[in-house]
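A short worksheet on the structure shown next.
This one's a predicted model, so the numbers in the text were calculated from it and none came from an experiment. Hydrogens, waters and symmetry mates play no part in the numbers below; they use all other heavy atoms, side chains included. Naming convention: chains lettered A, B, ... in sequence-line order (proteins, then strands); numbering from 1 in each chain.
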There are 2 protein chains.
Amino acid sequence: MDIRADQALRWWKRVCLEQVLDDRPDLTLRQLTILLTIYLDPPPHTVRGLAARLGVTKPVITRALNAMGAMGLVERRRDERDRRNVLVRRTVEGSLFLEKLSDTIVIAAREELR
Amino acid sequence: MDIRADQALRWWKRVCLEQVLDDRPDLTLRQLTILLTIYLDPPPHTVRGLAARLGVTKPVITRALNAMGAMGLVERRRDERDRRNVLVRRTVEGSLFLEKLSDTIVIAAREELR
DNA sequence: CTAGCCTGTTACGGATACGAAACGAACCGT
DNA sequence: ACGGTTCGTTTCGTATCCGTAACAGGCTAG
């Protein structure tokens with residue numbers, strides 16, 4: 001799988017542009033990265049773990065979970081085995097959101113990387 | 001060029017993650033989209049034109065140009081033929097930034113889309 | 001020359017983000 | 001049971017972003 005630099009940028013730009021044009025309030029780069037980590041990396045996901053993986057402070061994660069939780073994209077649940085932990089879980093709505101995103105990516109790839 | 005949905009998401013996540021991990025303050029999704037438009041679409045680029053293309057208001061463009069101008073990623077110059085216009089121009093530093101981005105994308109593709 | 005339009009910028013109030021530090025709650029070792 | 005540690009959250013002050021609306025300056029038609 002080899003791609004030319006200019007193809008890569010056009011592809012990336014195209015996906016970004018569709019996100020910007022969308023009416024939905026844009027997710028922050030950090031928020032989106034958190035969301036993708038939750039959905040692509042194997043659970044369980046804790047605040048601390050996410051913070052470490054992204055190289056950001058814990059409040060960043062808390063705030064992002066607040067925001068995305070309000071949009072229904074993720075869910076928080078106490079870890080019953082260690083009640084200090086908060087486990088972050090996927091939701092149907094979050095899956096749909098990422099499904100739409102991947103559609104955008106795939107289509108952009110098909111048209112920009114031909 | 002056909003990609004599976006999960007490959008697409010992993011690819012995208014990887015590039016996002018590298019942006020987040022980077023020490024440099026993250027560009028907003030909008031800022032990045034503006035930058036890519038300036039570098040990929042044929043000039044001239046005006047504030048009004050960029051605003052229309054991205055479906056945002058003019059102050060958004062002005063502010064983004066302020067921020068990216070301070071980082072040296074773009075340059076503003078008066079249009080001498082119609083001094084109302086501001087022409088946005090590329091810089092060496094901006095080219096280097098995008099070159100690094102495209103490297104990230106290409107490498108991520110090579111490893112995620114194998 | 002001047003009234004009106006077009007440009008980009010600035011002002012404003014509100015929303016949101018940030019990191020550092022303090023905080024309460026839960027766990028653990030002793 | 002109690003001091004220390006580890007969680008996630010909250011608070012604080014600061015910085016940034018947003019859209020609306022007002023703005024100053026350049027252009028142009030009459």
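- Summarising the geometry, the separation between CG on A:Asn85 and P on C:dA26 is reported as 13 Å, rounded to the nearest angstrom.
- The two residues A:Gly55 and B:Leu21 make their nearest non-hydrogen contact at N-CD2, 4.1 Å.
- Computed from coordinates, the A:Ile34 CD1 to C:dA17 P distance equals 11 Å when rounded to whole Å.
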Contact letters for nucleotides 23-30 of chain D, in which S counts primed atoms plus P, OP1 and OP2 and B counts the base, heavy atoms under 4.0 Å: --BBS---

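- Atom CE of B:Met68 is separated from atom CZ of B:Arg76 by 9.5 Å, given to the nearest 0.5 angstrom.
- The CZ-P distance, from B:Arg78 to C:dG8, rounds to 8 Å in whole Å.
- Looking only at distances, a side-chain donor or acceptor of B:Arg78 sits under 3.5 Å from a matching main-chain atom of B:Arg83.
- The distance from atom CZ of A:Arg63 to atom C1' of D:dT10 is 10 Å, rounded to the nearest whole Å.
- In this structure, the CG atom of A:Asn66 is 12 Å from the P atom of C:dC18, given to the nearest Å.
- Dashed line: the shortest gap from a side-chain N or O of A:Gln31 to OP1 or OP2 of C:dT16 is not under 4.0 Å.
- Contact between A:Val106 and B:Ala5 at its shortest, heavy atoms only, is CG2-CA, 4.4 Å.
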Donor-acceptor pairs are to be reported for all side-chain atoms of residues 29-41 of chain A against protein atoms at under 3.5 Å, with residues two or more places apart or in another chain.
{"residue": "A:Arg30", "atom": "NE", "partner": "B:Asp26", "partner atom": "OD2", "Å": "3.4"}
{"residue": "A:Gln31", "atom": "OE1", "partner": "A:Thr28", "partner atom": "N", "Å": "3.0"}
{"residue": "A:Thr33", "atom": "OG1", "partner": "A:Leu29", "partner atom": "O", "Å": "2.6"}
{"residue": "A:Thr37", "atom": "OG1", "partner": "A:Thr33", "partner atom": "O", "Å": "2.8"}
{"residue": "A:Tyr39", "atom": "OH", "partner": "A:Leu73", "partner atom": "O", "Å": "2.9"}
{"residue": "A:Tyr39", "atom": "OH", "partner": "A:Thr91", "partner atom": "N", "Å": "2.8"}
{"residue": "A:Tyr39", "atom": "OH", "partner": "A:Thr91", "partner atom": "O", "Å": "3.1"}
{"residue": "A:Asp41", "atom": "OD1", "partner": "B:Lys13", "partner atom": "NZ", "Å": "2.7"}
{"residue": "A:Asp41", "atom": "OD2", "partner": "A:Arg53", "partner atom": "NH1", "Å": "2.6"}
{"residue": "A:Asp41", "atom": "OD2", "partner": "B:Lys13", "partner atom": "NZ", "Å": "3.2"}

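- If you measure from atom CG of A:Leu27 to atom C1' of D:dC17, you get 16 Å, rounded to the nearest angstrom.
- For A:Lys100 against A:Arg24, the heavy-atom pair with the smallest separation is NZ-NH2, 3.0 Å.
- Atom CE in A:Met71 sits about 13 Å away from atom C1' in C:dA15, given to the nearest Å.
- Non-hydrogen atoms lying under 4.0 Å from DNA chain D are contributed by A:Thr46, A:Val47, A:Arg48, A:Lys58, A:Pro59, A:Thr62, all within residues 40-62 of chain A.
- No option in B:Leu98, B:Val15, B:Thr104 other than B:Val15 meets the side-chain contact (heavy atoms from CB on, under 4.5 Å) test with A:Trp12.
- Separating the CZ atom of B:Arg30 from the P atom of D:dT16 is a distance of 17 Å, rounded to the nearest angstrom.
- Nearest heavy atoms, B:Ala108 versus B:Trp11: CB-CD1, 3.5 Å.
- Atoms CZ and CG, on B:Arg84 and B:Asp79 in that order, are 9.5 Å from each other to the nearest 0.5 Å.
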